[in-house]
Amino acid sequence: MRGENMDAGRKTAVIFGAAGFVGRNVVAALARGGWDVRAGVRSMAAAKWLRELGVEPVLAPLESSDATARALQGAALAVNLVGILAEARAGDFARLHAQAAGRLATQAAAAGVGQFVHVSAIGADPASGSLYAASKGEGERLVRAAFPGAVILRPSIIFGVGDSFFNRFAAMARVMPVIPIVGGAVKFQPVHVGDVAAAIRVAAEPGHEGRIFELGGPEVVSFHELVARTLRYSCQRRLIWDMPVALAKFQAMMLERLPGKLLTRDQIKLLARDNVAGPGMPGLAELGIAPVAIERVVPDDLARFCGKRRSEK
């Protein structure tokens with residue numbers, strides 16, 4: 001049978017980008033769901049925790065066609081989670097989000113993989129003025145061309161324990177008296193990482209082939225309000241300054257050259273439009289998933305900034 005592990009009587013799922021924040025949760029969700037998980041990583045040093053879960057990592061950076069082809073052999077499901085928020089080198093968005101994603105889908109089809117789940121992003125559009133959003137849109141196009149039955153998931157901001165959004169702003173507040181933002185009125189629909197992982201598990205089941213789902217949580221919240229909540233949850237009082245776009249672009253010209261890339265001009269372009277699920281688009285509800293609210297997770301996660309756990313207060 002195509003893509004089935006006959007020795008174990010279970011099916012194998014190969015996850016590319018398994019060592020990241022979302023990947024860790026997807027590995028756990030699929031393993032709990034009865035899959036034999038093959039965790040594709042770009043660095044074995046970053047995957048120590050996988051062995052602690054009883055999952056064996058395989059070296060499979062998307063830049064290596066030979067490595068990804070080997071990782072796909074015998075798999076019933078392939079999941080592509082690989083993505084970046086800023087380019088280390090010019091052209092990285094196109095190489096990773098578009099070209100590598102399309103090549104991976106082509107290899108999965110050739111290997112006889114039964115299902116392909118591709119994680120993109122809300123706002124993905126080949127015609128976007130943002131390189132990030134345009135590369136995500138082109139990646140979707142190439143994936144669908146190579147693997148027509150692929151399921152595409154587009155999440156909004158993903159939150160959870162140790163996330164890079166709420167935790168990042170809480171850490172900034174420790175050292176900065178003013179928190180500068182741009183696009184404070186822009187709306188987001190944050191989605192819990194566990195819900196994204198569950199969506200991937202459900203989307204891999206028969207009946208969802210070729211569909212696109214936009215994943216948002218139960219609340220639509222402005223960027224300014226999200227930062228304000230971060231300060232409240234982390235017991236910090238700071239001024240939030242919504243910078244004029246022109247000034248933000250000037251600052252980004254310098255910041256995008258520094259390690260960590262706190263702000264880039266491409267990110268400013270992304271903040272020109274709301275990041276919420278489109279009206280009429282299927283989402284978590286259609287996958288049978290009740291979304292987790294920010295208030296259930298983030299306050300306790302950021303309580304360490306208060307000096308002690310909230311439950312001890």
Side-chain angles (χ1 to χ4, degrees), residues 3-5 8-62 68 71-72 74-83 104 108 113-121 151-167 190-206 208 213 215-218 283-284 287-294 296-302 304:
E4 185 165 346
N5 184 335
R10 287 153 59 99
K11 293 189 292 185
T12 296
V14 56
I15 303 168
F16 295 93
F21 170 61
V22 177
R24 295 194 295 271
N25 288 270
V26 174
V27 166
L30 290 180
R32 287 195 303 267
W35 291 87
D36 282 327
V37 178
R38 189 179 297 158
V41 299
R42 63 176 299 103
S43 168
M44 297 301 281
K48 178 182 177 182
W49 66 270
L50 286 166
R51 293 192 179 93
E52 295 173 355
L53 288 177
V55 175
E56 188 63 27
V58 295
L59 188 63
L62 260 61
T68 53
L72 286 163
L77 166 67
V79 180
N80 180 28
L81 301 173
V82 176
L104 192 62
V113 173
Q115 182 56 291
F116 192 95
V117 178
H118 176 67
V119 177
S120 182
V151 177
I152 293 173
L153 304 180
R154 298 173 178 164
S156 184
I157 289 176
I158 301 175
F159 71 90
V161 175
D163 65 49
S164 59
F165 182 85
F166 290 102
N167 281 270
V191 59
H192 186 240
V193 66
D195 293 337
V196 175
I200 290 170
R201 176 182 56 78
V202 176
E205 297 172 356
H208 301 297
F213 296 87
L215 310 181
L284 293 175
L287 292 168
I289 299 167
V292 173
I294 295 170
R296 284 185 55 191
V297 176
V298 179
D300 197 51
D301 185 35
L302 298 187
R304 67 187 184 281

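- Considering only heavy atoms from C-beta on, V41 comes within 4.5 Å of L50 through its side chain.
- Between V27 and V55, the closest heavy-atom pair is CG1-CG2, 3.8 Å.
- One finds the CG atom of L77 at 10.0 Å from the OG1 atom of T12 (value rounded to the nearest 0.5 Å).
- A31 and V37 get closest at one heavy-atom pair: N-CG2, 3.8 Å.
- The shortest heavy-atom contact between V14 and A75 is CG1-CB, 3.9 Å.
- Ring geometry for F159 against F166 counts as perpendicular: the plane angle is over 60°, on a 0 to 90° scale with 30° as the lower cut.
- In this structure, CG in L284 is found 12.0 Å from NE2 in H192, a value given to the nearest 0.5 Å.
- Note that NZ of K11 is 4.0 Å distant from CH2 of W35, once rounded to the nearest 0.5 Å.
- In this structure, the side chains of V151 and Q115 come closer than 4.5 Å at one or more pairs of heavy atoms.
- Smallest separation of non-hydrogen atoms from G160 and D301: O-OD2, 3.6 Å.
- The only option from L215, D195, V191 that meets the side-chain contact (heavy atoms from CB on, under 4.5 Å) definition with P291 turns out to be D195.
- Sparse packing is recorded around CZ of R42, with 12 or fewer heavy atoms of other residues, nucleotides or ligands lying under 6.0 Å away.
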Given side-chain contact (heavy atoms from CB on, under 4.5 Å), test V58 with F16 step by step and report yes or no. CA-CA 10 Å; V58 295; F16 295 93; over 6 Å; no
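- Here the CG atom belonging to N80 is positioned 5.5 Å from the CG atom belonging to L62, to the nearest 0.5 angstrom.
- Side-chain contact between R24 and V22 is absent, with no heavy-atom pair separated by less than 4.5 Å.
- With N25 contributing its side chain and F21 its backbone, the two residues share a donor-acceptor pair below 3.5 Å.
- With sequence neighbours excluded, no residue forms a salt bridge (charged side-chain N to carboxylate O under 4.0 Å, His left out) with R38.
- The structure places OG of S156 at 9.5 Å from CZ of F165, a figure rounded to the nearest 0.5 Å.
- The nearest pair of heavy atoms linking L30 to A13 is CD1-CB, 4.0 Å.
- The two residues F213 and G283 have their closest heavy-atom pair at CD2-O, 3.8 Å.
- Applying the side-chain contact (heavy atoms from CB on, under 4.5 Å) test to V119 and every residue at least two apart in sequence or in another chain returns L81, P155, I200.
- Atoms NE2 and CG, from H208 and L153 in turn, are 10.0 Å apart once rounded to the nearest 0.5 Å.
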